[in-house]
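Hydrogens, waters and symmetry mates play no part in the numbers below; they use all other heavy atoms, side chains included. In what follows, chains are A, B, ... by sequence order, proteins preceding strands, each numbered from 1.
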2 protein chains.
Amino acid sequence: MITIGALSKRTGVNIETIRYYERIRLMPPPPRTDSGRRLYGAEDVRRLTFIRHARNLGFDIAAIKTMLTLQEVPEASCEQVSRIATDQLDAVESRIRRLLGLRTELTRMIKECDNGKVATCRIIEVLDDSSGHPDGP
Amino acid sequence: MITIGALSKRTGVNIETIRYYERIRLMPPPPRTDSGRRLYGAEDVRRLTFIRHARNLGFDIAAIKTMLTLQEVPEASCEQVSRIATDQLDAVESRIRRLLGLRTELTRMIKECDNGKVATCRIIEVLDDSSGHPDGP
DNA sequence: GTTGATTCTGTAGTGGCTACAGGAAGTAGG
DNA sequence: CCTACTTCCTGTAGCCACTACAGAATCAAC
């Protein structure tokens, strides 16, 4: 059994975040020492590692909760897990598309700026102009 | 002079958001009617349009505040504006890189999942495994 | 015994909104 | 003039996923 600090180091998850996960019932309330300190075991390390990896991949807490629940029924089909992952992939791809659009816009703006006076700055002009967006004329 | 509802429609910014912008001093407090309703003019439309475009491009409020302040000195150099835009471009590009990494990971995970049982699900295995991250072995 | 690290609880802050509640004032039709 | 409907007002609380305290207690090491 390890303390919260050790769990934090082992998993790379902030101590405050671990306690936050307990509050929102993403991690179960662990047993305590006589003085009230939390004690964690191997299963907690596994679960928190899972959570960290899923968070790193951008899954939100609700999705992670669902996946953790599904894991508790090993003979269940992993169709639902697959669907959550696919949804996440869709979300990531749409964010990529949006950011690529932004990049194009920003690049153009910056290229057109001659670092002159604010009064004639193309960056400001683009932002001012209601026709300055990608799908404009 | 137009009401907040008209300003909202003209700029595509939510009424609540306009009031929020006033609270955080991104928009100046407008004059009011005798009964206390806000009245906006052409300059407010311009400013709010600028804000909306900048937000659409992902600039944060602090950056927008700075750009708006710089605009008030038309003879100032737009070097600082250019720098804010360049920083934003850098941020966008780093987000793109991160998301492309996530996409690769997610795609691999999903491809390896045979939609069998949770117990043998590759998606869960990858998330469980501490070596499952992009820069792992 | 004394220092310094760790942990505890509880609360508040972050960014950028959004969603109410509960009331006042404006507008249109009869 | 009365009613119904819409807009607007203030103020507060909620969203997400944390993060940052304050102030107290306990632990480990010397």
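- B:R37 contributes a side-chain N or O that forms a donor-acceptor pair with the base of D:dT7 under 3.5 Å.
- Residue A:G5 is the one, among B:T33 and A:G5, whose nearest nucleotide of DNA chain C lies closer to the 5' end (criterion: closest heavy atom).
- Proximity of A:N14 to the phosphate of D:dC18: no side-chain N or O atom is located under 4.0 Å from OP1 or OP2.
- Contact annotation for B:I24: no contact, since no heavy-atom pair falls under 4.0 Å across all strands.
- Nucleotide C:dT6 holds its C1' atom 13 Å from the CG atom of A:L39, rounded to whole Å.
- For the pair B:Y20 and C:dG15, the criterion of a side-chain N or O lying under 4.0 Å from OP1 or OP2 is not met.
- B:E105 and B:R98 are not joined by a salt bridge, as no carboxylate oxygen comes within less than 4.0 angstrom of a charged side-chain nitrogen.
- Toward the 5' end of DNA chain D, the nearer of the two residues A:E16 and A:S35, judged by each one's closest nucleotide, is A:E16.
- A sub-4.0 Å separation between OP1 or OP2 of C:dG16 and a side-chain N or O of B:Y21 is absent.
- Between B:L100 atom CG and A:E93 atom CD the span is 10.0 Å, to the nearest 0.5 Å.
- The residue among B:A62 and A:K9 whose nearest nucleotide of DNA chain C lies closer to the 5′ end is A:K9.
- The separation between A:M27 atom CE and D:dA17 atom C1' is 16 Å, rounded to whole Å.
- Between B:R38 and the phosphate of D:dT10, there is a side-chain N or O to OP1/OP2 separation shorter than 4.0 Å.
- Between A:D114 and A:R122 no salt bridge is recorded (no basic side-chain N to carboxylate O distance below 4.0 Å).
- Rounded to whole Å, the distance from CD on A:E22 to C1' on D:dC18 is 16 Å.
- For a distance-only test at 3.5 Å, the side chain of A:R19 fails to qualify as a donor-acceptor partner of the base of C:dT9.
- Across all strands, B:I15 comes closer than 4.0 Å only to sugar-phosphate atoms, never to a base (heavy-atom distances).
- One finds a side-chain N or O of B:T3 lying less than 4.0 angstrom from the OP1 or OP2 phosphate oxygen of D:dC8.
- With rounding to whole Å, B:N56 atom CG is found 13 Å from C:dG16 atom C1'.
- Picking from C:dC8, C:dT18, D:dC8 the nucleotide with the shortest atom distance to the side chain of A:I4 gives C:dC8.
- Spacing between atom CG of A:D34 and atom C1' of C:dT7 amounts to 15 Å, rounded to whole angstrom units.
- Listed candidates were C:dT9, D:dT19, C:dA25. Nearest to the side chain of A:R32 is C:dT9.
- Distance CG (B:L57) to P (C:dG16): 15 Å, rounded to an integer number of Å.
- Within the 4.5 Å cutoff, the side chain of A:L106 has heavy atoms near those of the B:F59 side chain.
- A salt bridge does not link B:R19 to B:E22: none of the charged nitrogens lies less than 4.0 Å from a carboxylate oxygen.
- No hydrogens or angles were tested; on distance alone, nothing pairs the side chain of A:R55 with the base of D:dA17 as donor and acceptor under 3.5 Å.
- When heavy atoms are screened at a 4.0 angstrom cut-off, A:F59 is found touching no nucleic acid atom at all.
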